[in-house]
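Here's the structure, in structure tokens; my notes come after.
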Amino acid sequence: MHRIPVLFFALLFACCRGASQQQPATSLPADSANVYRIGSASRDGIGKFYQGREIAQVMGHLGASWLERPEREQEERTDLLLKALSLKPTDVVADIGAGTGFFTFLMAPKLPEGKVLAVDIQPEMIEHLNEGKTKRNVSNVQPVLGTESNPKLSANSIDMAILIDAYHEFSYPREMMEHIASALKPGGRIVLVEYRAEDPNVPIKELHKLSVKQASKEMKAIGLKLVKNDDRLPQQHIMFFGK
């Protein structure tokens, strides 16, 4: 009887707690002036707009315990997400915005001849990832400290990049996605997992949701097209993009 309200407040909290981690934008570098627009920040945004969408405030490392909550797998059905990816044993996968590595360490056993590049811009999350490697005795996970505009991935080095509830918070989405796209091997895919903006019943604040239409518009700007949209998850899109 009380399951939905509890989930509502948990998700609402999860998408608000980063407010102190990312300050409203006040100006733009000269080379970004034609890509982004600066305006008034909403309660949950940073006042920086890309392709008509205000960028959301980012979740900080202080929310690490929420990322590791025991009920996450059932709420988000990460088991279904893992199946949807159809990973090959030799794949090299970049988990962009890996956080504590919740999904990184679910993928790692599926890649015995490959690896996961666990990318995050917060040193505290890199520490969590290294601790997770040691605790689980995992050798095919490589934490990577990126920046707000560059994931620090080599060109033609990955078969897949997966971004779970992360893309909508990127301060420099154009630059990040250009770098990620250049890191794809021929035939590689970028996978965006985002809460459905089309569904008003998804209990997430609007800036922390993304529609297929908006995602496709933003990916088209860097030369990517929607290959498949998999809606097997309870509340999230799994959008596959390729060159």
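This one's a predicted model, so the numbers in the text were calculated from it and none came from an experiment.
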Tell me if a side-chain donor or acceptor on [X] pairs with a main-chain N or O of [Y] at a distance below 3.5 Å.
{"X": "Glu54", "Y": "Lys48", "result": "no"}
{"X": "Lys243", "Y": "Ala181", "result": "yes"}
{"X": "Arg196", "Y": "Asp231", "result": "yes"}
{"X": "Tyr36", "Y": "Arg174", "result": "yes"}
{"X": "Glu194", "Y": "Asp165", "result": "no"}

Please find the pair of heavy atoms, one from [X] and one from [Y], that lie closest to each other, and give the distance.
{"X": "Arg77", "Y": "Leu233", "answer": "O-CD2, 3.4 Å"}
{"X": "Ser157", "Y": "Val92", "answer": "O-CG1, 3.5 Å"}
{"X": "Leu224", "Y": "Ile190", "answer": "CD1-CD1, 3.5 Å"}

Original post:
Do the numbers put Lys209 on top of the ring of Tyr195, so that NZ or CZ is under 6.0 Å from the six-membered ring centre and no more than 45° off the axis?
Top reply: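 Not flagged: Lys209 not positioned over aromatic ring of Tyr195.
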Original post:
Are His208 and Asp44 linked by a side-chain donor-acceptor pair shorter than 3.5 Å?
Top reply: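 There is no such pair between these side chains.
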Subject >> side chain to side chain contact (heavy atoms under 4.5 Å, CB included) partner of Ile96, the single match among Ile162, Ile164, Val119 >> reply: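 One option only clears the test, and that one is Val119.
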Subject >> Passing candidate, side chain to side chain contact (heavy atoms under 4.5 Å, CB included) with Asp120, options Asp95, Ile126, Thr100 >> reply: Ile126
Subject >> Other residues, nucleotides, ligands: >12 heavy atoms within 6.0 Å of Lys185 NZ >> reply: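 Yes, enclosed.
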**OP:** For the pair Asp91 and Lys115, find out whether any cationic side-chain nitrogen is under 4.0 Å from an anionic carboxylate oxygen.
**Re:** no
Subject >> Spacing of His179 atom NE2 and Ile222 atom CD1 [to the nearest 0.5 Å] >> reply: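 So the gap between those two atoms works out to 11.0 Å.
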Original post:
Could you give the distance from CD (Gln236) to CG (Leu210), rounded to the nearest 0.5 Å?
Top reply: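 Separation between the atoms: 12.0 Å.
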Original post:
Please walk me through it: do Met219 and Met177 pass side-chain contact (heavy atoms from CB on, under 4.5 Å)?
Top reply: CA-CA 8 Å; Met219 295 303 108; Met177 298 313 297; 3.9 Å; yes
